Protein chains: 2
Amino acid sequence: MDKLRKHLEEIIALSDEEFEYIKTFFVPKRVKKHQYLIQEGDQANLEYLILSGIFRMFYLDSEGKEYIVQFAGENWWMADYQAYFNAKKATLHITCMEDAEVLCLNLAGREKLAAGLHKMEHFFRVKLTKGYTAQHRRIISLLSSTPQQRYEEFGLLYPHLMQKIPKKYIAEYLGVSRETLSRLYTNSKGR
Amino acid sequence: MDKLRKHLEEIIALSDEEFEYIKTFFVPKRVKKHQYLIQEGDQANLEYLILSGIFRMFYLDSEGKEYIVQFAGENWWMADYQAYFNAKKATLHITCMEDAEVLCLNLAGREKLAAGLHKMEHFFRVKLTKGYTAQHRRIISLLSSTPQQRYEEFGLLYPHLMQKIPKKYIAEYLGVSRETLSRLYTNSKGR
DNA sequence: AAAAAAGTGTGACAAAAGTCACAGCGGTAA
DNA sequence: TTACCGCTGTGACTTTTGTCACACTTTTTT
């Protein structure tokens, strides 16, 4: 739980009592590679803080094609927020790509925390703000950049993922086919 | 200012004194068609609540092409959040498409409001949550749907905009060329 | 260690979307 | 009213990307 405290204190200051209270809302969980945190149709009322490991969140269309909404590693929060905030069933999948440890927070607990501690409401707002602007960037990138540029941007933004993650998943994240992505960088090696 | 109170009270309950205090942070402004709220390079430290009218927010690439990040109408909030939250210069443009009235809130005021009133912090968090999930949907749509489908989804989500707004802007929002969009719906009239 | 599964690059071809050019329409402003 | 400007549809062509098939490599599992 040390990691949790450190994570929270990057944004808000906490007394020992406050943290003791806060931590009662979080439940630790170990997750192995290939294991799902959430699957389509689940009652996705949990949010996860990743302590270690890597996950990918993806949408599966009616033909069984995957589209990656985001990757997530240490200190990222993950949930099917649409399901989470509207108490609907999940439309996304979250799966583990590298053995992981996470903390689970359920929706009721989260709202109780936010309502009870102004600091925590603030924490969630700040986190959400960052997520919001990140998504914003992604939308602009999807609209205005070529796959080539998106690939390069990805490399700059997530150099560690670039190495660890199979290219086919990066292609799914960028919104191009595996083959097109492969040609992008093999044809531009010299440039 | 009545509209502001009504808007806030959709999410939080306010006493008269609280509202009196809150409203001192907002500055009303009238905006005419074609007028800019924000231009690239501005010090974009203002956020706007739209009381009436329609705006579009867009990114302009190095070749002068427009890509629409979002449209906004009554009761929407708008800002170049990346500039706003990081105190950087704007990279986006916001322009008026239909005569409008807005309320301006500056960043310092916003943070003071959120810090001083737990309720307002909550309000901002809830609003942000909605924006976050909306963007989420958009990303999935950009990744997984054909232009055809995106056009149809747009019509379902924003029927009023569909009528009021020139098709070329809808094309820019969907991420396809004007010509392609035109062909999409003229070729499927019979279906 | 062997077998199975997953990831990758590449060629040939098909499909989708972009670009350019032009004509007509409709509203706005002088 | 007339002149202008922005919006729209459409044809011809180019470019980009996707799809399918296959071979090869690497990783994982038994």
Side-chain angles (χ1 to χ4, degrees), chain A residues 31-36 53-54 56 58 60-68 71 93 95-99 141-152 154-155 161-191, chain B residues 32-36 54 56 58 60-68 71 93 95-99 141-152 154-155 161-191:
Chain A
V31 192
K32 291 226 160 229
K33 189 169 175 177
H34 294 137
Q35 197 178 327
Y36 280 82
I54 298 178
R56 72 175 192 275
F58 60 95
L60 216 58
D61 75 9
S62 54
E63 281 154 20
K65 266 195 204 162
E66 261 189 49
Y67 302 90
I68 293 183
F71 297 109
H93 303 255
T95 200
C96 181
M97 301 178 74
E98 201 173 77
D99 291 6
S141 171
L142 284 171
L143 287 175
S144 71
S145 301
T146 63
Q148 171 84 259
Q149 293 168 318
R150 297 208 292 274
Y151 180 68
E152 286 162 11
F154 185 88
L161 290 181
M162 199 64 154
Q163 299 170 335
K164 281 195 183 175
I165 289 182
K167 299 272 191 293
K168 60 172 274 196
Y169 293 122
I170 296 178
E172 286 174 26
Y173 179 89
L174 298 176
V176 286
S177 71
R178 183 182 68 72
E179 293 92 333
T180 297
L181 180 64
S182 167
R183 289 179 179 114
L184 282 183
Y185 53 76
T186 55
N187 295 341
S188 62
K189 275 276 170 55
R191 296 201 290 120
Chain B
K32 290 224 160 231
K33 190 169 174 177
H34 295 136
Q35 197 179 329
Y36 281 83
I54 298 178
R56 73 175 192 276
F58 60 95
L60 215 59
D61 76 8
S62 53
E63 281 155 21
K65 267 195 203 161
E66 259 190 50
Y67 302 90
I68 294 183
F71 296 109
H93 302 255
T95 202
C96 181
M97 301 178 72
E98 200 173 78
D99 291 6
S141 171
L142 284 171
L143 287 175
S144 71
S145 300
T146 63
Q148 171 85 259
Q149 293 168 319
R150 296 208 293 274
Y151 180 69
E152 286 162 11
F154 185 88
L161 290 181
M162 199 64 153
Q163 300 171 334
K164 279 194 184 176
I165 289 181
K167 298 271 191 293
K168 60 172 273 196
Y169 294 122
I170 296 178
E172 286 174 26
Y173 179 89
L174 298 178
V176 287
S177 71
R178 183 182 68 71
E179 294 92 334
T180 298
L181 181 64
S182 166
R183 287 176 180 119
L184 282 182
Y185 53 75
T186 55
N187 294 341
S188 62
K189 277 278 170 54
R191 296 200 291 118

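Since the structure is predicted, the reported quantities are computational estimates derived from the model, not experimental observations. Basis for what follows: all heavy atoms, side chains included, without hydrogens, waters or symmetry-related copies. We name chains A, B, ... by the order of the sequence lines, and we start the count at 1 in each one.
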S.K.: Who are the side chain to side chain donor-acceptor pair (under 3.5 Å) partners of A:Arg56, not counting sequence neighbours?
M.R.: A:Glu66
S.K.: Take nucleotides 12-30 of chain D nucleotide by nucleotide from the 5' end and write B, S or -, depending on whether a protein heavy atom sits under 4.0 Å from the base, only from the sugar-phosphate, or from neither.
M.R.: B----SBBBB------S--
S.K.: Please report how far the helix from C:dA1-D:dT30 to C:dA30-D:dT1 bends, comparing the axis fitted to its first five pairs with the axis fitted to its last five, to the nearest 10 degrees.
M.R.: 60°
S.K.: Where do B:Pro166 and B:Met97 come nearest, in terms of heavy atoms and distance?
M.R.: CD-CE, 4.4 Å
S.K.: Just jot down the side-chain contact (heavy atoms from CB on, under 4.5 Å) partners of A:Arg150, sequence neighbours excluded, or say none.
M.R.: A:Ser141, A:Leu142, A:Ser145, A:Pro147, A:Leu174, A:Val176
S.K.: Can you list everything that forms a side chain to side chain donor-acceptor pair (under 3.5 Å) with B:Thr180? Sequence neighbours excluded, please.
M.R.: B:Ser177
S.K.: Considering only heavy atoms, which members of residues 163-173 of chain B lie under 4.0 Å from some atom of DNA chain D?
M.R.: B:Pro166, B:Lys167, B:Lys168, B:Tyr169
S.K.: Chain A on DNA chain C: first and last contacting nucleotide, 5' to 3', under 4.0 Å to a heavy atom?
M.R.: C:dG7 to C:dA12
S.K.: Between the main-chain N or O of A:Gln149 and the side-chain N or O of A:Glu152, is there a donor-acceptor pair closer than 3.5 Å?
M.R.: no
S.K.: Could you list the residues that satisfy ring pair (Phe, Tyr, Trp, His ring centres under 6.0 Å) with B:Tyr151, not counting sequence neighbours?
M.R.: B:Tyr185
S.K.: Can you name the residues that form a side-chain contact (heavy atoms from CB on, under 4.5 Å) with B:Lys65, not counting sequence neighbours?
M.R.: B:Asp61, B:Tyr67
S.K.: Sequence neighbours left out, what passes side chain to side chain donor-acceptor pair (under 3.5 Å) with B:Gln35? Give chain and number order.
M.R.: none
S.K.: Does any non-hydrogen side-chain atom of A:Thr146 lie less than 4.5 Å from one of A:Leu184?
M.R.: no
S.K.: What heavy-atom pair brings A:Phe71 and A:Ile170 nearest, and what distance separates the two atoms?
M.R.: CZ-N, 4.4 Å
S.K.: How would you list all residue pairs meeting salt bridge (charged side-chain N to carboxylate O under 4.0 Å, His left out) that involve residues 161-172 of chain A, not counting sequence neighbours?
M.R.: A:Glu98-A:Lys164
S.K.: Once ring pair (Phe, Tyr, Trp, His ring centres under 6.0 Å) is applied, do any residues pair with B:Phe58, and if so which ones, sequence neighbours excluded?
M.R.: B:His93
